[in-house]
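Structure record follows, encoded as structure tokens.
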Amino acid sequence: MSYPQSPLPRSPLMGQMMNQPLLVSSIIEFAARHFGNSEIVSRRVEGDIHRYTYRECHQRARRLANALQGLGIEIGDRVATLAWNGYRHLEAYYAVSGSGAVLHTINPRLHPDQIAYIINHAEDQVLLFDLTFLPAVEAVAAQCKQIKTYVLMCGRDRMPAETRVANLLCYEDLIDSHSDDYAWPRFDENSACTLCYTSGTTGNPKGALYSHRSTVLHAYASAMPGALNVSAKDTVLPVVPMFHVNAWGLPYSVPLSGAKLVFPGAALDGKSVYELFESEKVTFSAGVPTVWLGLINYATQNKLKFSTFRRTVIGGSACPPAMMNALIDEFDVEVVHAWGMTEMSPLGTACMLQAKHAELPREEQRKILQKQGHAVYGVDMKIVDDDGKELPWDGSSYGHLLVKGPWIISSYYKEEGGDPLQDGWFPTGDVATIDPDGYMQITDRSKDVIKSGGEWIGTIDLENIATAHPAVMQAACIGVAHPKWDERPLLVVVVRPGMAVSREELLKFYEGKIAKWWLPDDVVFADTLPLGGTGKVQKNKLRELYKEHKLPTA
Ligand code: ADP
């Protein structure tokens with residue numbers, strides 16, 4: 001167990017500043033007091049638009065905190081949510097963690113067995129959920145013996161007449177029947193705040209247990225201009241779900257900045273998101289590439305532009321250059337490519353040009369913007385070879401990416417998987433280069449790298465070239481067994497509706513863009529790519545699907 005850390009030496013002269021613990025309750029308290037009139041707008045699961053202010057959010061969060069106390073929830077107890085991005089979910093974020101309990105956000109896209117596994121693993125006592133997930137909860141409830149109370153996040157009129165879920169309460173009844181007379185407790189800032197499980201593509205999911213201190217520091221750092229750059233000038237619509245690494249910290253960094261917050265609920269299709277962007281005058285958003293694909297396609301097909309949307313953060317998987325170019329050149333939207341992971345709260349790097357890049361030709365600037373970016377203060381990183389030897393920051397040496405910092409895990413919840421650290425650094429499982437200016441670029445996940453004749457082929461580059469072809473909507477590259485080279489690249493492509501491209505044309509498209517031996521050995525066409533719970537291509541599924549594929553060169 002790496003907590004508590006060994007006591008550090010004390011100076012004979014200590015600073016004379018107030019020693020206030022960094023607790024997430026202070027964020028909503030601050031937002032309500034200093035930006036009390038700023039709005040939170042939500043597209044509800046019920047279908048309508050709900051709007052209120054930070055002041056009202058704070059009031060209802062305190063009512064909920066009282067209600068949770070009434071349900072017997074104590075400091076350190078786990079309370080789970082299965083919910084979309086919405087105001088009630090935000091209230092739960094603050095009521096649960098603020099009162100000292102631990103908010104466990106569950107990804108509803110996980111397999112029901114995995115949902116039951118993590119509920120039991122976390123020992124959740126209360127589960128708050130959106131109407132959409134009633135069938136999912138009914139399916140797993142019998143397996144979740146520790147849950148004492150279920151709370152359906154809706155009004156009385158939407159409560160089901162009959163359900164298999166025992167001890168089901170109505171969220172709005174709970175809020176109505178409790179007072180907002182509640183003072184946020186003070187406790188050690190290193191106390192657990194939220195719990196997020198990794199998607200567990202291999203083996204069971206593991207929990208990252210964030211502390212109040214790590215969450216507040218991450219919120220400060222991610223709001224900085226060199227990172228997500230959130231301020232009260234903005235209207236922010238987090239497309240990234242609140243069940244995916246706390247929506248990249250936006251439920252904390254937006255309120256502390258006083259910005260208007262807009263929640264899309266369950267409607268994440270291009271049309272619904274576009275309409276909300278326009279009606280609420282959204283200026284800034286964040287999400288994984290697959291959601292931008294839907295939005296860009298919708299806007300392009302309907303010849304629409306954005307009136308206020310000016311900046312977006314794209315991360316979670318590599319942003320294809322074609323997507324970045326479309327957003328910047330056709331829609332006048334600045335793209336901040338960012339990288340991180342569940343184990344990092346999640347923010348690690350964000351990509352922005354520096355003053356010295358201002359005069360560079362557009363193409364050179366784009367090459368920089370394509371990288372995953374610069375470390376955000378608080379995060380340190382290095383690349384090492386297979387023997388753990390540090391590699392130079394020359395932009396071409398690539399190796400295993402290791403990180404450390406106050407919002408990076410020191411161990412998984414319940415010490416699952418043992419000690420993950422290597423000499424105090426967390427191995428990310430990514431392979432990357434770092435250039436002399438400190439810009440990091442992911443070449444691949446180490447488990448996705450193609451090992452051809454003892455050399456590595458990074459799949460992200462190969463996919464980026466394919467998606468630059470006008471007829472290609474999505475592309476994924478995987479290694480397929482080869483008798484001579486061990487593995488060779490196979491490109492799986494989804495063609496844009498109404499367009500066509502042949503295998504030969506695509507392979508020709510690579511010429512001159514990449515070393516010859518990196519060229520994919522074959523191309524297959526698919527209707528869709530398998531996506532995981534967080535919208536990323538599941539390469540393990542693709543590898544399984546095409547493991548018998550016979551390469552022409554084999
Ligand atoms: P999982 O996908 O396992 O649920 P995360 O959501 O934490 O876990 O994903 C973290 C991983 O996603 C990183 O280790 C990296 O491989 C990938 N990733 C995140 N952002 C980017 C990016 N901008 N470019 C390429 N890969 C990224």
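Computed over heavy atoms, backbone and side chain alike; hydrogens, waters and symmetry mates excluded. Read the numbers this way: they start at 1 and go in the same order the structure lists the ligands and their atoms.
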Numbering as shown, the atoms of ligand 1 that approach His337 to under 4.0 Å (heavy-atom distance):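 Near His337, meaning under 4.0 Å from one of its heavy atoms, ligand 1 has 22 (C), 23 (N), 24 (N).
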Ligand-side contact atoms (ligand 1) for residue partner Trp339, heavy atom cut-off under 4.0 Å: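 In order of number, 13 (C), 15 (C), 18 (N), 19 (C), 20 (N), 21 (C), 27 (C).
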Between [Y] and [X], do the side chains contain a donor N or O and an acceptor N or O under 3.5 Å apart?
{"X": "Asp448", "Y": "Thr459", "result": "no"}
{"X": "Ser211", "Y": "Asn190", "result": "no"}
{"X": "Trp517", "Y": "Ser452", "result": "no"}
{"X": "His400", "Y": "Asp386", "result": "yes"}

Flag if over 12 foreign heavy atoms under 6.0 Å of CZ, Phe525: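 Buried by this count: over 12 neighbours within 6.0 Å.
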[X] heavy atom under 4.0 Å from ligand 1:
{"X": "Gly316", "result": "yes"}
{"X": "His244", "result": "yes"}
{"X": "Cys319", "result": "no"}

Asn297/Thr300 under side chain to side chain donor-acceptor pair (under 3.5 Å): CA gap, chis, key distance, verdict: CA-CA 5 Å; Asn297 283 348; Thr300 308; 5.5 Å; no
For atom 24 (N) of ligand 1, the option (of Lys371, Gln372, Glu343) bearing the nearest heavy atom: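 Result: the heavy atom closest to atom 24 (N) of ligand 1 is in Gln372.
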Give the contacting part of [X] toward ligand 1: side chain, backbone, both or neither, where contact means a heavy-atom distance below 4.0 Å.
{"X": "Ala338", "value": "backbone"}
{"X": "Thr342", "value": "both"}
{"X": "Arg445", "value": "side chain"}
{"X": "Ala318", "value": "both"}

Test of proximity, Lys536 against ligand 1: N or O pairs below 3.5 Å: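 There is such a contact, yes.
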Carboxylate-amine/guanidinium proximity below 4.0 Å for Arg362 and Asp329: yes
Residues Lys367, Glu364: salt bridge by 4.0 Å N-O rule: yes
